[in-house]
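Heads up, the thing below is written out as structure tokens.
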Amino acid sequence: MRSRRLRLAIAAACAAVVGVASTACATGDDAVAYGGTFNFVSPGGQTEIFYDPPEERGSLGALSGPSLMNPDETLSLEDFEGQVVVINVWGQWCAPCRTEMPELQRMYDNTKELGVQLVGINVRDNAISKPQDFVTDYGLTFPSIYDPPMRTLLSMRGIPTSVVPMTFVLDREHRVAAVFLRDLLTEDVQPVVERLAAE
């Protein structure tokens, strides 16, 4: 009886581990806001999720870190008060990011006059010169936070740090309106941004 209970306990633990591992790179309907704060919980296999109506959106809270191109300066979400903010997690080592960056730059160029700001979070690039060269080579005009150890991401509770690229779209009150756990084309994200800018 005792050995049967032990086998059942081990099986349950293994199932839990498999469940966590299989959902690490996805999202689902159970990403929720608790008490007005955004918490990403138990992804369910989707690669994008939208939070509507606006009352269902949770606040991302404080988000800041050193500027990639000017490390002595601090970039903060508060710097973009009243703007729709698109946050993109990227690394110069990430092949989908190299495809996505020109698309995001195009979206930014098309929408910044509407009060939209694109902000990058550069992760897992321990030599700062590499992502700096990437920004220059790709002609990127939006700022990025330099966050090799992913401390900025860890401050966002429940966010799957194994997923790069990853994009959050915040409304003008900086509540999370959409999450994308895949690389994007301009036409994927621009309509979302334009809708939020018009709210």
Side-chain angles (χ1 to χ4, degrees), residues 38 48 57 59-156 159 161 163-199:
F38 181 77
E48 57 187 60
R57 299 173 189 162
S59 172
L60 203 55
L63 184 93
S64 66
S67 166
L68 171 63
M69 301 307 282
N70 302 293
D72 293 333
E73 296 179 8
T74 298
L75 283 174
S76 171
L77 189 56
E78 293 177 356
D79 297 335
F80 311 109
E81 186 176 349
Q83 293 182 283
V84 172
V85 179
V86 180
I87 299 172
N88 177 258
V89 180
W90 66 277
Q92 60 79 32
W93 46 267
C94 160
C97 299
R98 292 193 289 273
T99 302
E100 180 180 62
M101 279 303 174
E103 299 286 331
L104 290 176
Q105 180 67 53
R106 188 174 303 112
M107 178 278 302
Y108 179 50
D109 291 340
N110 294 343
T111 60
K112 60 186 173 184
E113 296 298 323
L114 301 175
V116 175
Q117 179 63 54
L118 175 58
V119 178
I121 301 177
N122 172 256
V123 297
R124 299 189 203 145
D125 275 318
N126 293 316
I128 195 170
S129 61
K130 290 184 177 180
Q132 286 175 335
D133 289 345
F134 181 95
V135 166
T136 301
D137 292 346
Y138 278 77
L140 305 179
T141 62
F142 57 89
S144 283
I145 292 171
Y146 181 56
D147 186 24
M150 306 180 91
R151 285 193 187 99
T152 304
L153 284 184
L154 291 172
S155 71
M156 298 188 245
I159 297 301
T161 56
V163 181
V164 179
M166 173 170 44
T167 302
F168 302 86
V169 185
L170 312 183
D171 65 18
R172 291 189 188 275
E173 295 181 32
H174 296 172
R175 299 170 299 183
V176 181
V179 178
F180 297 91
L181 299 188
R182 61 179 177 85
D183 52 314
L184 298 171
L185 298 173
T186 303
E187 55 262 33
D188 294 328
V189 68
Q190 185 167 323
V192 178
V193 167
E194 289 175 339
R195 175 173 62 83
L196 291 171
E199 282 184 353

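Since the structure is predicted, the reported quantities are computational estimates derived from the model, not experimental observations. Values below: every heavy atom of this structure, side chains too, minus hydrogens, waters and symmetry copies. In this chain, residues are counted from 1 in sequence order.
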Task: pair C94-P165: side-chain heavy atoms closer than 4.5 Å - done: yes
Task: Minimum heavy-atom distance between N126 and Y146, given as atom pair plus value - done: O-OH, 3.2 Å
Task: Lys/Arg N to Asp/Glu carboxylate O, R151 vs D147, below 4.0 Å - done: no
Open item on the list: Using only atom types and a distance under 3.5 Å, with no angle test, would you say the side chain of T186 pairs donor to acceptor with the backbone of E103?
Closed with: yes
TODO: Look only at the side chain of D125 and the backbone of Q92, and say whether a donor-acceptor pair between them is shorter than 3.5 Å.
DONE: yes
Task: E78 atom CD, neighbour heavy-atom count above 12 within 6.0 Å - done: no
- [ ] To the nearest 0.5 Å, tell me how far Q132 CD sits from N122 CG.
- [x] 9.5 Å
TODO: Would you sort out whether E199 and R57 count as a salt bridge (charged side-chain N to carboxylate O under 4.0 Å, His left out), showing the intermediate values?
DONE: CA-CA 14 Å; E199 282 184 353; R57 299 173 189 162; 2.9 Å; yes
Task: Residue pair V84, L114: steps toward the side-chain contact (heavy atoms from CB on, under 4.5 Å) verdict - done: CA-CA 9 Å; V84 172; L114 301 175; over 6 Å; no
Task: Between D79 and Q117: side-chain donor-acceptor atoms closer than 3.5 Å - done: no
Open item on the list: Nearest 0.5 Å, please: how far is OG1 in T167 from CD in E48?
Closed with: 11.0 Å
Task: Gap between atom CG of D109 and atom CZ of F142 - 0.5 Å precision - done: 10.0 Å
Open item on the list: How close do E100 and L184 get, counting heavy atoms only, and between which atoms?
Closed with: OE2-N, 2.8 Å
Open item on the list: Please report the interatomic distance CG(N110) to CD(Q105), rounded to the nearest 0.5 Å.
Closed with: 10.0 Å
TODO: Start with the C-alpha distance between V176 and L170, add both sets of side-chain angles, then the distance that settles side-chain contact (heavy atoms from CB on, under 4.5 Å), and finish with yes or no.
DONE: CA-CA 5 Å; V176 181; L170 312 183; 3.8 Å; yes
TODO: Provide the closest heavy-atom pair for V164 versus C97 in the form atom of the first, atom of the second, distance.
DONE: CG1-SG, 3.8 Å
- [ ] Find the distance between CG (L75) and CG (L68) and round it off to the nearest 0.5 Å.
- [x] 9.0 Å
TODO: Hey, could you give me the CD1/OG distance between I145 and S76, rounded to the nearest 0.5 Å?
DONE: 7.5 Å
Open item on the list: Any non-hydrogen side-chain atom of H174 less than 4.5 Å from a side-chain atom of L63?
Closed with: no
TODO: With sequence neighbours excluded, give me every ring pair (Phe, Tyr, Trp, His ring centres under 6.0 Å) pair touching residues 90-135.
DONE: W90-F134, F134-Y138
TODO: Search all heavy atoms of A127 against all heavy atoms of P131 and return the closest pair with its distance.
DONE: O-CD, 3.1 Å
- [ ] Using atom types as modelled and distance alone, determine if a side-chain donor or acceptor of R172 lies under 3.5 Å from a backbone N or O of G82.
- [x] yes
TODO: State, to 0.1 Å, how close D188 and F180 come at their nearest heavy-atom pair, and which atoms those are.
DONE: O-CZ, 4.2 Å
